[in-house]
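Since we're looking at a predicted model, the values are computed, not measured.
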Amino acid sequence: MSETPEVRPPVVTPARVVIGLCLVAPFVAMLWVGSFARTDPTFIGIPFFYWYQMLWVLISTALTVLAYRLWQHDQRSRAAAKGGAAK
């Protein structure tokens, strides 16, 4: 009576790596102050230091939405592979 062990899908998948990168990128961009600690170039009279940070607010939002959608897709795929119903 040998029972075959349950085969589980890998925990680290390409989708999860992309999710992680999407969530880490804004932190790295904002913590690397040397990359944006200057006034030029200006954009409609706003120094680079300020508009760069405001641009990252929009980029962070887009990356978070992308990470969320990838996570939903990953969860649905894992549930389908398991044979269960996706929520």
Side-chain angles (χ1 to χ4, degrees):
M1 189 165 151
S2 80
E3 199 170 303
T4 309
E6 180 182 341
V7 178
R8 296 182 183 187
V11 175
V12 179
T13 61
R16 289 184 178 193
V17 171
V18 172
I19 291 167
L21 290 174
C22 286
L23 297 175
V24 168
F27 289 103
V28 172
M30 290 294 95
L31 290 175
W32 185 21
V33 177
S35 70
F36 62 91
R38 57 183 187 266
T39 57
D40 289 328
T42 59
F43 176 68
I44 60 172
I46 302 170
F48 181 74
F49 181 79
Y50 295 112
W51 69 257
Y52 178 82
Q53 292 179 60
M54 289 298 110
L55 180 63
W56 269 101
V57 170
L58 300 174
I59 294 170
S60 297
T61 302
L63 289 174
T64 303
V65 168
L66 176 62
Y68 177 70
R69 296 234 171 119
L70 286 171
W71 179 257
Q72 285 181 321
H73 182 268
D74 184 63
Q75 293 302 305
R76 283 192 301 267
S77 298
R78 292 173 73 82
K82 207 174 189 181
K87 290 183 180 180

Do Thr13 side-chain atoms and Arg16 backbone N/O form a donor-acceptor pair below 3.5 Å? yes

Donor-acceptor check, side chain of Ser60 to backbone of Val57, threshold 3.5 angstrom: yes or no? no

Roughly how far apart are Leu23 CG and Leu70 CG, rounded to 0.5 Å? 10.0 Å

Quick one: ring-ring contact (aromatic ring centres under 6.0 Å, His included) partners of Trp51, sequence neighbours excluded? Phe43, Phe48

Gap separating the CD1 atom of Ile19 from the CG atom of Asp74, nearest 0.5 angstrom: 5.5 Å

Val17-Val11 co-clustered via ILVMFWY side chain contacts under 4.5 Å: no

May I have the step-by-step check of side chain to side chain contact (heavy atoms under 4.5 Å, CB included) for Leu63 and Trp56, ending in yes or no? CA-CA 10 Å; Leu63 289 174; Trp56 269 101; 4.2 Å; yes

Heavy-atom pair with the smallest gap, counting every atom of Phe36 and Gln53: CE1-NE2, 3.6 Å

Shortest non-hydrogen contact from Ala29 toward Ser35: O-OG, 4.4 Å

Euclidean distance, Tyr52 OH relative to Arg38 CZ, rounded to 0.5 Å: 8.5 Å

Quick check for you: to the nearest 0.5 Å, what is the distance between Met54 atom CE and Phe49 atom CZ? 10.0 Å

Any chance you could measure Thr61, atom OG1, to Leu66, atom CG, to the nearest 0.5 Å? 12.5 Å

Single-linkage hydrophobic cluster, 4.5 Å side-chain cutoff, Val65 and Val24 together: no

